[in-house]
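One structure below.
Atoms considered below: every heavy atom in the structure, side chains included; atoms not considered: hydrogens, waters and symmetry mates.
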Amino acid sequence: MKTFSVQLNYDKESKIFIKVECNVMTDAPHYLQSNKWVKDEDTEIYYNMDKVLSFRIYDKNDM
């Protein structure tokens with residue numbers, strides 16, 4: 001499993017950064033789009049993806 005940082009955008013002002021585990025980066029967008037609830041691996045809090053307007057995925061090495 002590989003860990004990615006994901007920025008969840010709820011509106012122009014609300015942005016949350018979470019950590020998501022996926023097999024490869026190409027699976028990360030599919031995982032985020034196909035699951036209603038996504039777990040932050042650091043805090044173990046689940047986020048409702050139905051309320052997210054957009055997201056951006058960062059490889060851990062990019063940050």
Atom of Met49, atom of Val38 and distance for their closest heavy-atom approach:
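Minimum heavy-atom separation between Met49 and Val38: CG-CG2, 3.2 Å.
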
Of all heavy-atom pairs linking Ala28 and Ile57, the shortest is CB-CD1, 3.7 Å

Please list all pairs passing the salt bridge (Lys or Arg N to Asp or Glu O under 4.0 Å) test where one or both residues lie in residues 38-56, with sequence neighbours left out.
Lys36-Asp50

Hey, could you give me each pair passing salt bridge (Lys or Arg N to Asp or Glu O under 4.0 Å) that has a residue in residues 5-15? Not counting sequence neighbours.
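Those involving residues 5-15 do not exist here.
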
Side chain to side chain, Phe17 and Val6, heavy atoms closer than 4.5 Å
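Contact flag for Phe17/Val6 side chains = no.
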
Are Tyr47 and Val52 side-chain neighbours, meaning at least one heavy-atom pair lies under 4.5 Å?
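Side chain of Tyr47 against side chain of Val52, heavy atoms only: no contact under 4.5 Å found.
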
Hey, what else clusters with Tyr46 if you join Ile, Leu, Val, Met, Phe, Trp, Tyr whenever side-chain heavy atoms sit under 4.5 Å?
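Besides Tyr46, the cluster holds Trp37.
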
Spacing of Ile45 atom CD1 and Ile16 atom CD1 [to the nearest 0.5 Å]:
9.0 Å

Enter the distance from Asn48:CG to Asn35:CG here, rounded to the nearest 0.5 Å.
11.5 Å

side-chain hydrogen bond (donor to acceptor under 3.5 Å, both in side chains) partners for Gln7, two or more places apart:
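Expected list: Asn9, Tyr58.
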
